[in-house]
Amino acid sequence: MPSGSVAGHASRPGDHGRLRAALSFATRLVARMASMTYRVTLIPGDGIGPELAEATRRVLEASGVEFDWEVMDAGEAVMAKEGTPLPQSVLDSILRNKVAIKGPITTPVGVGFRSVNVALRQTLGLYANLRPVRSIPGLKTRYDDVDLVIVRENTEDLYAGIEHMVGPDAAESIKIITRAASERIARFAFEYAVANGRRKVTAVHKANIMKFSDGLFLESCRTIAAQYEGRIAFEDRIVDNMCMQLVQKPELYDVLVLPNLYGDIVSDLCAGLVGGLGVAPGANIGPEAAVFEAVHGSAPKYAGQNKANPTALMLSGVLLLRHIGQQAAAQRVEDAIRAVIAEGRSTTYDLGGSAGTREFADAIVARLDSVATTA
Ligand code: NAD
């Protein structure tokens, strides 16, 4: 090879220096990524939240990725102390760190403060709620091969919170659907489909009845679908029919995109297809930040009993690892969770076992540690 060339190609003076600088930059970048510490906001939440958050923290740390947790409280306890269930300091922490993981937070039914979960999504502009639903081998359910992704619009619809009494005996809730938010969530669904090798997006609506609001959602999805023609297939379903189809033939569907309320309801239905709320993870994603949380709520009746299943929050942690670019660690954690469930010796009550939250986490940490020492 002539001197001054790289891989046999003639080079100009100065190329060598630039190449060396680029290689050294790449080496430093890889080294930095390998040893990087990620500052992440951790919100333990209410009810079963703190136990699940602790189990998830241990498992994420056992993945080999370094975390510096900024623990922030929100929900019932803070309400009593600070007069708001969602202090500004929590929002500031998430905006600073860009990434958060949170346990569920209780919302009083009918009375009391508005949902912290909804407020968090709206205030931080976390417009996309991503909820993958996948069968876990060894977990006995009615179906073996469910592999769906729910993309729920997170900021408007009936969750905009615009409601009032009309006189003493009537109430009105206003459903907001905008073209901008509908096109944005549809684009998110199609981009997700492209990036993750998915084949089809199904828009879910009730446009036959709500011709303006759901009609606009559907029209927006069609506009975006046209831009992906030939790459990702598109179809739509009326929400009631969709529910029946999901129960009868879930394998026909791939990525679903829904307005906020239908997305909420269909998420729980789909969780039921793969083993229940204990195994359904989620992510709320926006341009400024991402908050990872399970689909389920705070299940107050199980609070403090070392009983609830941490899988959903742990799998939300897997989504977090993917989001920060730690693909290999994400895969290790996901494989470890699936392996422990498949073995069936250390699972929680809802999966047919008798292990506690902590013991389940112990089994996953032990598995990750053994992979680390044999690798
Ligand atoms: P929930 O999801 O808390 O619980 C429903 C039932 O599902 C539980 O009673 C339990 O049987 C089962 N379950 C849920 N999570 C489980 C787990 N990890 N392991 C084992 N079993 C589990 O729903 P809910 O009772 O309707 O709501 C309770 C509270 O949570 C309410 O205040 C609600 O507003 C709130 N909530 C919060 C969020 C959130 O923080 N994102 C989401 C939904 C509900």
Side-chain angles (χ1 to χ4, degrees), residues 41-56 59 72-79 85-86 90 94 100-124 126 129-131 136 139 141 150 152 154-155 159 161 260-261 263-285 290-317 319 337 341 346-361 364:
T41 303
L42 174 65
I43 304 170
D46 298 320
I48 55 175
E51 301 157 68
L52 304 189
E54 176 57 14
T56 300
V59 163
M72 303 298 294
D73 287 327
E76 280 180 320
V78 191
M79 178 73 196
L86 182 59
V90 178
I94 299 172
I101 186 156
K102 80 173 260 300
I105 293 177
T106 300
T107 306
V109 177
V111 293
F113 60 80
R114 282 189 55 212
S115 166
V116 171
N117 309 303
V118 174
L120 204 57
R121 295 166 192 165
Q122 287 172 348
T123 316
L124 297 177
L126 307 173
N129 191 339
L130 179 70
R131 293 174 159 180
I136 301 179
L139 187 54
T141 57
I150 293 174
R152 164 189 175 194
N154 234 356
T155 62
Y159 290 62
N260 210 337
L261 178 62
D264 195 359
I265 297 167
V266 170
S267 293
D268 276 34
L269 183 149
C270 288
L273 300 178
V274 296
L277 285 170
V279 297
N284 302 288
I285 300 172
V291 176
F292 297 83
E293 65 175 339
V295 172
H296 64 73
S298 55
K301 69 178 176 193
Y302 294 128
Q305 294 176 29
N306 188 37
K307 194 164 175 191
N309 185 355
T311 301
L313 195 58
M314 289 176 179
L315 289 175
S316 306
L319 297 176
I337 295 170
I341 293 176
S346 309
T347 53
T348 46
Y349 82 95
D350 57 315
L351 304 186
S354 57
T357 311
R358 270 193 303 278
E359 291 67 38
F360 180 69
I364 295 166

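When a ligand or atom number is given, it counts from 1 through the structure's own listing order.
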| What do you reckon, does Ala312 put a non-hydrogen atom under 4.0 Å from ligand 1? |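 Contact absent.
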| field | Contact check, Thr348 vs ligand 1, heavy-atom distance below 4.0 Å | value |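 No heavy atom of Thr348 comes that close to ligand 1.
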Would you check if [X] and [Y] make a side-chain contact, meaning some heavy-atom pair closer than 4.5 Å?
X      : Y      : value
Ile48  : His296 : yes
Met314 : Phe360 : yes
Asn284 : Lys102 : no
Asp268 : Leu277 : yes
Leu351 : Val279 : yes
Ile94  : Ile43  : yes

Element-labelled atoms of ligand 1 that are located less than 4.0 Å from some non-hydrogen atom of [X]:
X      : result
Thr106 : 32 (O)
Lys301 : 9 (O)
Ile48  : 18 (N)

| Between CD1 of Ile341 and CG of Asn309, what distance do you get to the nearest 0.5 Å? |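 Spacing of CD1 (Ile341) from CG (Asn309) equals 6.5 Å.
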| query | Could you state the interatomic distance from CD1 (Ile101) to CG (Leu313), rounded to the nearest 0.5 Å? | reply |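 The CG atom of Leu313 is 4.5 Å from CD1 of Ile101, to the nearest 0.5 Å.
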Can any side-chain N or O of [X] pair as donor or acceptor with the backbone N or O of [Y] at less than 3.5 Å?
X      : Y      : value
Asp46  : Thr106 : yes
Glu293 : Ile105 : no
Ser316 : Gly282 : yes
Thr357 : Ala308 : yes

To check your reading of the model: name the closest protein heavy atom to [atom], its residue, and the distance in Å.
atom                    : answer
atom 11 (O) of ligand 1 : Tyr302 CE1, 3.6 Å
atom 5 (C) of ligand 1  : Leu277 CD1, 4.2 Å
atom 41 (N) of ligand 1 : Glu293 OE1, 3.0 Å
atom 39 (C) of ligand 1 : Asn117 ND2, 3.2 Å
atom 18 (N) of ligand 1 : Asn309 O, 2.9 Å
atom 33 (C) of ligand 1 : Thr107 N, 4.1 Å
atom 35 (C) of ligand 1 : Ile105 O, 3.5 Å
atom 44 (C) of ligand 1 : Gly297 CA, 3.3 Å

| request: Take atom 2 (O) of ligand 1 and look for protein heavy atoms under 4.0 Å from it; say yes if you find one, no if not. | output: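 Yes, because at least one protein heavy atom sits under 4.0 Å from atom 2 (O) of ligand 1.
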| Could any protein non-hydrogen atom be found less than 4.0 Å from atom 25 (O) of ligand 1? |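 Flag for atom 25 (O) of ligand 1 set to false, no protein heavy atom closer than 4.0 Å.
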What I want to know is whether [X] and ligand 1 share at least one N or O pair that is separated by under 3.5 angstrom.
X      : value
Ala308 : no
Tyr349 : yes
Asp350 : no

| Where on Lys102 is there a heavy atom closer than 4.0 Å to ligand 1, on the side chain, on the backbone, on both, or on neither? |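 Side chain only; the backbone of Lys102 stays clear of ligand 1.
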